[in-house]
Amino acid sequence: MRTRLRIEACKNFLAVVFLGCMAVAPAGVAAEGLRFKPGFNLFSPQQDVQVGREASTEVEKQLPLVKDAQVERYVNDLGRRLTQDAPNNAGYEWTFKVVNSQDINAFALPGGFIYVNRGVLEAAEDEAQLAGVMAHEIGHVVMRHGTHQASQMMLAQMPLAILGGVLGQSSSATAQLAQLGIGFGVNSIFLKNSRSAESQADEIGTYILYRDGYDPHAMAQFFGIIDKKYPQQGLQFLSDHPNPGNRVKKVDDLIPQLGPAKEGKTGSPEFQVAKKKLLAMPPAPKAKPAAASTPSAPGTAPAPTPPPAPSSRLVKYQGTGFAIAHPDNWEVQKGQEGVTLAPPGGVLTGSQGEWAQAYGASVSQQVPQKKGWGLIDATQQLLDSLRQSNPNLRVVKQTSLKIKGRPALSTLLENDSPLQGQKETDRLVTVRGKDAMLAVIFVAPQSAFEAYRPTFDAMVKSLELR
Ligand SMILES: [Zn+2]
């Protein structure tokens, strides 16, 4: 569950990033009127290659690759040709590999290590669409989105003064990253793209298509195909490459700026051969469950081990205007808008300094805007606002109850867990106070919710309101 509650550390985050930008942002690359400019980065492009190579070794331990010389050669040749039309493309170690997975996905590691799933080649209608996906990935590499993300996360974790020295002096950026807990596997921070990074990769992908003589609509076209024809198979793609909003329209608006319209190429015989070969191969092995993969960056990875079970000894937390009991082995984190009560490891920090709770509870007070507000409306308002950062939040059941004589609502919810590949169950309890509504959200992965239920029930019973 992602809530608006913030840990104090995040407050300094923006200030530090801003300073960092002024000090280290590299110069932009103008590409015929378009400005393709990599964002703030603590790494050098050489270090991009270094960490990318390391990450690729890790990734290839976790993912099966298609071993077919003809397919491999085709994808590699196509990819290398596309990189020649990319802005800011010098100094990278371009390799393109096909992952034996039916999921429609592709990803890029820093420094030029690009992976395209077999599912992409099988779903693409022509070479231009495949080239569009690959050009989008090349966009992530040349704009250095992976190490940009990692840089932001590192800034959130340590002061700029220390960071300045860390990567500069070290002979091995990877060793330093490992020390910071930044992992290299399939759940690595390098693969978590922000929406603004997605927009930029879309622009570059389209730009490359145009320059290489393809129909520049092909990339956006393929995203449309995933949406409509393969919503399930494309889930991971949208998780790794979140839709920045109006994706297709933004690309359409960009195309006239690229230059005079021209008849773009779409197909090639080599594409058809490769696609046929893949379709004729035995089905790809089923993906391993997320829990079996190597844990990496906090907030982006499965927790290495579940938190310790909640202690049956409860202690009281006294907030302003309310009190609630919690297991004595849980940690209390006070934020600006409320408090989080969680077992050790129950709260994960994400790439942008944002954080998400996988286990525990959070308490906040909501002051409804309208006078004479009702509990049902105010609860609905809160659900709407939660949905902004939890797009798959779904109400399962709502029941009314009384807490210490006050009207209350209990709303059972289903949601995506921040633990990759897992669903979570949330229970939202809202109680009418004098001027405000008290909201308690209980969170646990679906598989663990039953085990946590007695603790959550006891906490609800313990609630006191002024
Ligand atoms: Zn992307």
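Quick caveat: nothing in here was measured; it's all calculated off a predicted structure. Numbering of ligands and ligand atoms starts at 1, following listing order.
For K97 and Y115, the positive end is not near the middle of the six-membered ring at less than 6.0 Å and at most 45° from its axis.
Q422 and Q446 are not linked by any side-chain donor-acceptor pair at a separation below 3.5 angstrom, with hydrogens and angles left out of the test. With no hydrogens or angles considered, no side-chain donor-acceptor pair links Q257 and Y207 at under 3.5 Å.
Among heteroatoms of the N, O or S kind in H140, NE2 lies nearest the Zn ion (ligand 1). When you scan the N, O or S atoms of H241 for the one nearest the Zn ion (ligand 1), you land on ND1.
Taking 2.8 Å as the threshold, H145 does not count as a candidate ligand of the Zn ion (ligand 1), since none of its N, O or S atoms lies below it. The Zn ion (ligand 1) has E198 among its coordinating residues (N/O/S atom, backbone or side chain, under 2.8 Å).
Nearest heavy-atom pair across H241 and R247 is O-NH1, 3.4 Å.
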